[in-house]
Amino acid sequence: MEKIIEQNVACAVKDLYGSDVETGVLQIQETRKDFEGDLTVVVFPLLRFSGKSPEQTAAEIGEYITGINPGIESCSVVKGFLNLSLGNSAWLAEFDKLVSEKDSLRQAGRGEQQVTLVEYSSPNTNKPLHLGHIRNNLLGFSLSRILSECGHKVFKTNIVNDRGIHICKSMLAWKLFGDGKTPETTGMKGDHFVGKYYVEFENACSKEIRELTDRGMTPGEAAAGSKMMSEAREMLRRWEAGDPETVGLWKMMNSWVYEGFEETYRALGVDFDRIYYESDTYKLGRDIVNTGLEKGIFRRKEDGSVWVDLTSDNLDEKLLLRADGTAVYMTQDLGTAVERYNDYRFDNQYYVVGNEQNYHFQVLKLILEKLGYEWAGGIYHFSYGMVNLPEGKMKSREGKVVDADDLINTMIKTAREMSEELGKLGDYPEEEKDGIYSRIGLGALKYFILKVDPRKNMLFDPRESIDFNGNTGPFVQYTYTRIRSVLRKAEEMEVKSSHDFRSIKLNGKEKDILRLLRRYHRVVREAADELNPSYIANYIYELSREFNQFYHDYTILGEKDESLRGFRIALSDLTGRVIKRAMWLLGIEMPERM
RNA sequence: GGUUCAGUAGCUCAGCUGGAUAGAGCAACGGCCUUCUAAGCCGUAGGUCGCAGGUUCGAAUCCUGCCUGAAUCACCA
């Protein structure tokens, strides 16, 4: 419709003022709600063609195009804005178009299919997942679905930081204090079990350091002299040397952690196509650094460490290999990137990683480019902001974290309490209720996190943040269940939806809803282009809100006019599908009733 | 200090590539359940869009400077 009007306006300018309008100058937009009309032509850019006042120009163009476009019922001019009202037939044609598209919502995409990797989650194996990981997982998962909706062939990947001093700390503490206990014998979730020993290590170690500083050592000396620390380092050396006992312990404890993670991922509803392990990729990274060294891209210092000089790109020098030849973070990421390219030949790869690592990914991309990998241009850092608590930053070392499993369980519990208090679902079977509460609780959590712009830091107050009223997941779910309820009853009453609406007159609310429904594809495409799931969340809230008001103001099944009733049922059906689809893109499941 | 990002109602957040009178929710106050789900709907109150300039028909949005906050500038991952 906009395109046709664009042509109409271009035509009007040519006929009235004798000028050709280049595309891009014309601005057609949805009319603001408080004004009469559906579409608005902004005439300010056209004044240089007409040489007349905004009002006069708008009036002339308005008169011209209502004459040639029968879809336009009337027009009005407010200041420099030409507001056009579409006739019923034009609206119904739009509706028909939407209905015929309803089963192929996957049309937001364009162009040839690209292979796109999304890396997210990236946990360490020494402690359980926390709120920061939740934001990461939800963003990564949603981004994957959005890109796939837009035609990308998406592979979800995860890189597990399974090696390094941190896991050795847990291993050592378990050896010292564990008494051979396991998650099975204690009934603890594996990741929490291992995390407990990480904390025990930190406690024992800081106690030791405190004793040393009490005896007059400086903090630096104390840290160096700590037996716990040096034993952990020794363990890392043995691990790197492939000592069977150490590697066996490492494997066992990691397997506990993976079981725990798997459970959390399942509860969150996220998954991966392929999991990479740092312990597998860091060696490849080392080879890459060595070939770069041979090609003269990198430089070895006197002590034997390898560096890349990025000062010409306005960055610093960056370490790639330690003097003893062991790998650092960057080494391993180079290896992972190359391995992934060999595995997938991707066009794009998105790293979902917090903004604290902006610098790291800037450097990673630059180094890959210097090494001559052409695909390096296709890697992007999807950088998101931190989640802060009312007390400030989350600090895992100080125990100032919100644990992922706790949070998920609390959400589901709250959903249950809320529902029971409101007296919903009284006579439902328990198992079915559990599924619904879990969808509502998780819906609240996911929506709360995804509705905010990923780039921004966000505040999370465990007591107040998560709401079930207002701009929330449960509100959208509630709207959806109302729609489903109406459709179920329509079926029982054998009232059919109808597509023959020629005789009906749309009201303002119905037009508002159609206007919003028309926006769906554009919103999804923008979300994909800007890598921003929050566009979808905020859109779907607006749609749900309109629809709730619509159900409040108008009756559906009780409507006497058969074709109007049929239309409203069809509109409900379509809206329900769009809401469900959009929420699916956010990774939020919908209950059929609540 | 360098770099990057952010600053919108008491609080949490929207505001699309510059467009009309800056929007929701929470919190506060007042209405609405005999009618398809009240996790809802309606109303009241709440704003110098960090500050100052600039660009133009028009700026929360773009440019410059300043103020404030965050992240980063590691032989941690």
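Just so it is clear, the values below take in all heavy atoms, side chains as well, and ignore hydrogens, waters and symmetry mates. First the proteins, then the strands, lettered A, B, ... as listed; each starts at 1. Since this is a predicted model, take the numbers as computed values, not measurements.
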Is the CD atom of A/Glu559 crowded by more than 12 outside heavy atoms at less than 6.0 Å?
-> yes
Using the six-membered ring for Trp and the full ring for Phe, Tyr or His, decide whether A/Tyr551 stacks on the six-membered base ring of B/rC36 (centres under 5.5 Å, planes under 30°).
-> no
Measure from NZ or CZ of A/Lys169 to the centre of the six-membered ring of A/Phe201, then state whether that distance is under 6.0 Å and the direction lies within 45° of the axis.
-> no
Considering just the side-chain nitrogens and oxygens of A/Tyr359, establish if one lies under 4.0 Å of OP1 or OP2 belonging to B/rA74.
-> no
May I ask you to verify if any side-chain N or O of A/Arg525 is less than 4.0 angstrom from the OP1 or OP2 atom of B/rC16?
-> no
Would you say A/Thr555 reaches B/rC36's phosphate, i.e. side-chain N/O to OP1/OP2 under 4.0 Å?
-> no
Quick one: is A/Lys456 getting a side-chain N or O under 4.0 Å of the B/rG7 phosphate, OP1 or OP2?
-> yes
When you compare B/rC51 with B/rC11, how far apart are their C1' atoms, in angstrom units rounded to a whole number?
-> 23 Å
Consider the side chain of A/Gln27, meaning its heavy atoms from C-beta on, and name the nucleotide among B/rA20, B/rA39, B/rG19 that approaches it most closely.
-> B/rG19
A/Lys489 side chain, from C-beta outward: closest of B/rU21, B/rC36, B/rA39 | B/rC36
Taking only the side-chain nitrogens and oxygens of A/Lys79, find out if one of them lies under 4.0 Å from OP1 or OP2 of B/rU21.
-> yes
Proximity to the side chain of A/Met386 - top-ranked nucleotide from B/rG40, B/rU4, B/rA71 | B/rA71
Look at the side chain of A/Tyr535 and decide which nucleotide, out of B/rC13, B/rC36, B/rG15, has an atom nearest to it.
-> B/rG15
Taking the side chain of A/Val452 as heavy atoms from C-beta outward, which of B/rC16, B/rG25, B/rC13 is closest to it?
-> B/rC13
Phosphate OP1/OP2 of B/rA20 contacted by A/Arg32 side-chain N/O (<4.0 Å) = yes
So, A/Phe35 and B/rA20: ring centres less than 5.5 Å apart, planes less than 30° off, yes or no?
-> yes
Side-chain atoms of A/Arg545 come closest, of B/rG25, B/rG19, B/rC73, to B/rG25
Just wondering, are more than 12 heavy atoms of other shown residues or ligands nearer than 6.0 Å to NZ in A/Lys301?
-> yes
For salt bridge (charged side-chain N to carboxylate O under 4.0 Å, His left out), just list the numbers for A/Arg322 and A/Asp324, CA-CA rounded to whole Å, side-chain angles, deciding distance to a tenth of an Å, and then say yes or no.
-> CA-CA 5 Å; A/Arg322 296 193 184 98; A/Asp324 61 5; 5.3 Å; no
Side chain of A/Leu557 - closest among B/rG40, B/rC36, B/rA20 = B/rC36
Any ion pair linking A/Arg515 and A/Glu546 (charged N to carboxylate O, less than 4.0 Å)?
-> no
Measure from the side-chain heavy atoms of A/Phe44 and tell me the nearest of B/rC57, B/rU4, B/rA20.
-> B/rC57
CE of A/Met590 to NZ of A/Lys580: how many Å apart, nearest 0.5 Å?
-> 8.5 Å
Side chain of A/Val328 only, please: which of B/rG19, B/rA70, B/rA77 is the nearest?
-> B/rA77
Please state whether the phosphate of B/rG15, meaning OP1 or OP2, lies under 4.0 angstrom from any side-chain nitrogen or oxygen of A/Asn538.
-> no
Report yes if a side-chain nitrogen or oxygen of A/Arg482 is closer than 4.0 Å to either non-bridging phosphate oxygen (OP1 or OP2) of B/rA38; otherwise report no.
-> yes
Taking syn as within 90° of 0 and anti otherwise, name the glycosidic form of B/rC11.
-> anti
Just compare B/rC75, B/rA20, B/rA39 and give me whichever is closest to any side-chain atom of A/Arg322.
-> B/rC75
Rounding to the closest angstrom, what is the interatomic distance between B/rG40 and B/rA24 at atom P?
-> 16 Å
Do we see A/Phe81 stacking on the base of B/rA20, given a limit of 5.5 Å between centres and 30° between planes?
-> yes
Residue whose nearest RNA chain B nucleotide is more 5′ - A/Tyr541 or A/Pro45 = A/Pro45
